[in-house]
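As a basis for the values below, the full set of heavy atoms in this structure was taken, side chains included, without hydrogen atoms, waters or symmetry mates.
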Amino acid sequence: MLLEQLRKTVWKCNLELPKNDLVKLTSGNVSGRDPETGLVVIKPSGVSFEELTPQNMVVVNMDGEVIEGDLNPSTDTDTHLYIYRHREDVFGIVHTHSPYASSFAVLGQPIPACLTSCGMLGGEVPIGGFAPIGGEDIGQEIVDKIGRSLAIVMQNHGVFTIGASAKQATLVAVEVEDVAKITHLAMLRGQPIVLNDEQIDYMVDLYRNNYGQ
C-alpha cells in the first residue's frame with residue numbers, strides 16, 4: 001500500500017472534522033501531500049466518515065490521476081491540487097462547511113482578527129469570491145486571496161485551510177470555527193475590538209516561531 005503513514009494521518013485528520021462539528025454526513029475533506037513523491041492522499045467522494053479507513057483513502061498524482069484506490073477521489077480534488085501546485089509550502093489542506101465560519105462566507109465577510117488566537121490563523125481570515133465547485137476555480141481564488149493567512153472563507157460556500165501538514169491544516173480548521181463562533185457571539189452584543197497590525201504581527205510571529213514543541 002502506497003504512503004501508508006500519510007494515509008493513516010489523513011484518515012485520522014478526516015475523523016476530526018465530524019468530531020469537532022465541522023461537517024455533517026459526507027461533506028468536507030482533508031488531504032495531505034507527500035514531500036518526497038509529490039503524491040496526494042485525499043478523502044474519497046461521498047463516503048461517510050464512519051466508513052473511512054486508511055485503506056480507502058485515494059492516492060492521486062498532481063494531474064489528478066488515481067494512482068492507488070478503488071474509490072473516486074473527492075470532488076474538491078482539483079481545488080486541492082491547484083493549491084499544492086502553486087504553494088510549495090503547503091502539504092495539507094482541509095475543507096469544511098463549519099456553521100459559524102460559513103455564516104461569514106454567506107455574508108461575504110472576512111472573519112476579523114479580534115482574538116489573540118487569530119495569530120494561529122495568520123490574522124484576519126480573508127473572504128474569497130464565489131467560484132463553482134469542481135475544477136480549479138476555487139483553488140485559483142484561494143491562492144489569489146489567502147495571503148499569509150492559513151484559512152479563507154469562500155463566498156456562499158465554506159472554509160478552506162492550509163498548512164505545512166494535514167495535521168496543521170486540521171488544527172487551523174478547528175480554530176477557525178472557534179474564532180468565528182466567539183466573534184459571532186460578540187457581534188450580537190456590540191462591536192468587537194479588532195487587533196491592530198502591530199498586535200497581529202506579534203501574535204502571528206509567536207504562533208509560527210515560538211508556540212508548541
Side-chain angles (χ1 to χ4, degrees), residues 9 13-14 16-17 19-23 28-33 76 79-80 82-84 86-129 131 138-187 191-213:
T9 298
C13 288
N14 270 287
E16 289 295 327
L17 304 189
K19 180 180 176 181
N20 287 278
D21 296 322
L22 305 183
V23 298
N29 44 72
V30 180
S31 74
R33 175 161 62 117
D76 293 310
T79 294
H80 289 239
Y82 186 93
I83 296 169
Y84 286 131
H86 292 83
R87 287 288 300 263
E88 295 181 356
D89 58 320
V90 172
F91 291 90
I93 299 170
V94 175
H95 171 47
T96 79
H97 301 140
S98 56
Y100 284 95
S102 295
S103 72
F104 284 85
V106 170
L107 292 169
Q109 297 175 350
I111 303 173
C114 302
L115 295 157
T116 56
S117 57
C118 289
M120 185 185 300
L121 313 177
E124 177 184 272
V125 177
I127 180 74
I138 294 175
Q140 183 175 354
E141 184 68 9
I142 291 170
V143 170
D144 288 347
K145 298 289 179 61
I146 197 167
R148 73 170 180 180
S149 178
L150 297 180
I152 187 169
V153 285
M154 294 297 294
Q155 182 184 314
N156 301 106
H157 188 174
V159 182
F160 284 85
T161 65
I162 60 176
S165 66
K167 288 182 179 179
Q168 185 189 21
T170 303
L171 176 64
V172 171
V174 174
E175 188 63 31
V176 167
E177 180 63 2
D178 193 44
V179 165
K181 181 177 181 178
I182 295 169
T183 303
H184 166 78
L185 293 173
M187 292 172 75
Q191 185 64 38
I193 301 169
V194 178
L195 299 173
N196 63 41
D197 290 344
E198 183 179 354
Q199 292 167 331
I200 293 171
D201 288 344
Y202 173 82
M203 294 309 304
V204 170
D205 179 71
L206 184 147
Y207 275 105
R208 294 192 177 176
N209 298 307
N210 297 294
Y211 181 79
Q213 301 303 315

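- How far OG of S98 is from CG of D21: 10.0 Å, rounded to the nearest 0.5 Å.
- Across all non-hydrogen atoms, the minimal contact from P112 to P110 is CD-O, 3.4 Å.
- You'll find the side chain of F104 stays beyond 4.5 Å of the side chain of I127, heavy atoms only.
- Nearest heavy atoms, G123 versus I200: CA-CG2, 3.7 Å.
- At least one side-chain heavy atom of Y84 sits under 4.5 Å from a side-chain heavy atom of I93.
- Remark: the backbone N or O of A101 is paired with a side-chain donor or acceptor of E177 at under 3.5 angstrom.
- The closest donor-acceptor contact from the side chain of D76 to the backbone of T79 lies at 3.5 Å or more, if one exists at all.
- The line from OG1 of T9 to CG of N14 is 11.5 Å long, rounded to the nearest 0.5 Å.
- In this structure a side-chain-to-backbone donor-acceptor pair under 3.5 Å is missing from S165 to F91.
- For the pair Q168 (side chain) and A164 (backbone), a donor-acceptor distance under 3.5 Å is present.
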Item to complete: Apply side-chain contact (heavy atoms from CB on, under 4.5 Å) to L17 and T96, showing your working.
Response: CA-CA 8 Å; L17 304 189; T96 79; 4.2 Å; yes
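- Residues K167 and C13 have side chains in contact (heavy-atom distance under 4.5 Å, counting atoms from C-beta outward).
- Between the side chains of H95 and H80, not a single donor N or O lies within less than 3.5 Å of an accepting N or O.
- In this structure, E88 and R33 approach most closely via the heavy-atom pair O-NH2, 3.4 Å.
- Under the 4.5 Å side-chain criterion, counting only non-hydrogen atoms from C-beta, R208 is in contact with L150.
- Across G129 and M154, no two heavy atoms sit closer than the pair O-CE, 3.3 Å.
- In terms of heavy-atom proximity, G122 sits nearest to R148 at O-NE, 3.3 Å.
- With hydrogens and angles ignored, the 3.5 Å screen pairs no side-chain donor or acceptor of N20 with any backbone N or O of L22.
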